[in-house]
Structure formats: C-alpha cells, structure tokens
Q: 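The following block contains the structure, expressed as structure tokens.
Keep in mind that this is a model prediction, so the values were computed, not measured. Sequential numbering from 1 along the given sequence is applied to the chain's residues.
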Amino acid sequence: MPQYRIAEAAGLLGVSDDTVRRWVDGGQLQAQRDASGRLVVDGAALAEFAREQARSTPDPSGVGRSARNRLVGLVTEVVSDKVMSQVEMQCGPHRVVSLMSTEAVHELGLRPGVLAVAVVKSTNVVVETPGEG
C-alpha cells in the first residue's frame, strides 16, 4: 500500500501541512514513521479520511437525476462564437470545461459569476496513475 508524507497528503486533501499535522495529533488521521523516520499516512487510511471529510456543495437545482457526478460551482468564463461556446466553471478546487451550443448558453443565462451545476454522465471515464520513473 502506498504511503504519503504529510506534505503530499496535504496536497491531495487541499489543506496545509499544519492542518494534516493537527489531524494526526488529534487522532483524526492515523500516521506512522517510515524507515527514514518521516511521518507518513497509509494510502488506504488517507482515502477513507478524504471520503469522510468530503463535503459537496448542495445542488440548488432540486432536480433528481441518475447522474452521480454533480459539481456545483461558479461560471468563470464563457467564450462564444456564432454556433458553439466554451464554458469554464470553478467547482471547489476543480476546473470544469464544457462545450455547448451558444444557443444553450443564452437560454441558461451563463456568464461569469452565475451559479451552475456541471453534471457528468459518462460510460467512458479515464483513470490514470502516475508513471514510475
């Protein structure tokens, strides 16, 4: 099982190193010393902790959907031509980019600062892992 140093765990959780150390000191996150004496967190424990800590922004649409990947955020940029538009959103720490018709952009009133929900429904999701080397 992979182990992550405190700085790596902090980067993956989107918090400071000090926050991770407080969680470890407070017993909320288990850590141990590696062979070099550095404090490390077990990958499986970190994944479970991340899942427990995750708080999604409530979906304001009030619509039931089968899609489980719903990212609430703010529109940050819209680039349009006559037919197509590129809409960029910031959903927490995640940047989401969507291509859609300019007609849809106008109908939805999409412009920077507008609250929106990016709904991802796909049977093709690519999962990658870091290369060795």
Q: Taking all non-hydrogen atoms of both residues, which atom of Q28 and which atom of R22 are closest, and how far apart?
A: OE1-O, 3.9 Å

Q: Please answer whether the main-chain N or O of E88 pairs with a side-chain N or O of T76 as donor and acceptor at a distance below 3.5 Å.
A: yes

Q: Which of these passes side-chain contact (heavy atoms from CB on, under 4.5 Å) with V41: L13, L12, L29?
A: L29

Q: Applying ring-ring contact (aromatic ring centres under 6.0 Å, His included), which residue pairs with at least one partner in residues 5-26 are found, sequence neighbours left out?
A: W23-F49

Q: Would you say L74 ends up clustered with L108 if hydrophobic residues are merged whenever their side chains have heavy atoms under 4.5 Å apart, either directly or through other cluster members?
A: no

Q: Is there a chain of hydrophobic side chains (I, L, V, M, F, W, Y, each step under 4.5 Å between heavy atoms) that links Y4 to V40?
A: no

Q: Which value, rounded to the nearest 0.5 Å, describes the distance between Q32 atom CD and Q30 atom CD?
A: 8.5 Å

Q: Around atom CD of E103, are there more than 12 heavy atoms of other residues, nucleotides or ligands at under 6.0 Å?
A: no

Q: Picking from L110, L99, T102, what satisfies side-chain contact (heavy atoms from CB on, under 4.5 Å) with S85?
A: T102

Q: How long is the span from the OG atom in S36 to the CZ atom in R5, to the nearest 0.5 Å?
A: 9.0 Å

Q: Just one of M100, R111, Q86 clears the side-chain contact (heavy atoms from CB on, under 4.5 Å) bar with V105, so which one?
A: M100

Q: With sequence neighbours left out, write down each residue that passes side-chain contact (heavy atoms from CB on, under 4.5 Å) with A118, or none if nothing qualifies.
A: L71, M89, V96

Q: Calculate, to the nearest 0.5 Å, the distance between atoms CD and NE2 belonging to Q90 and H94 respectively.
A: 9.0 Å

Q: Under the 4.5 Å side-chain heavy-atom rule for ILVMFWY, direct or indirect, which residues accompany V97?
A: none

Q: Answer whether the closest heavy-atom distance between the side chains of V119 and N69 falls below 4.5 Å.
A: no

Q: Just do the side chain to side chain contact (heavy atoms under 4.5 Å, CB included) check on V72 and L115 with the steps written out, would you?
A: CA-CA 7 Å; V72 178; L115 180 67; 3.7 Å; yes

Q: Which atom names give the shortest non-hydrogen contact between L39 and R33, and what distance separates them?
A: N-NH1, 3.6 Å

Q: Is any side-chain N of the basic residue among R21 and D18 closer than 4.0 Å to the acidic one's carboxylate O?
A: yes

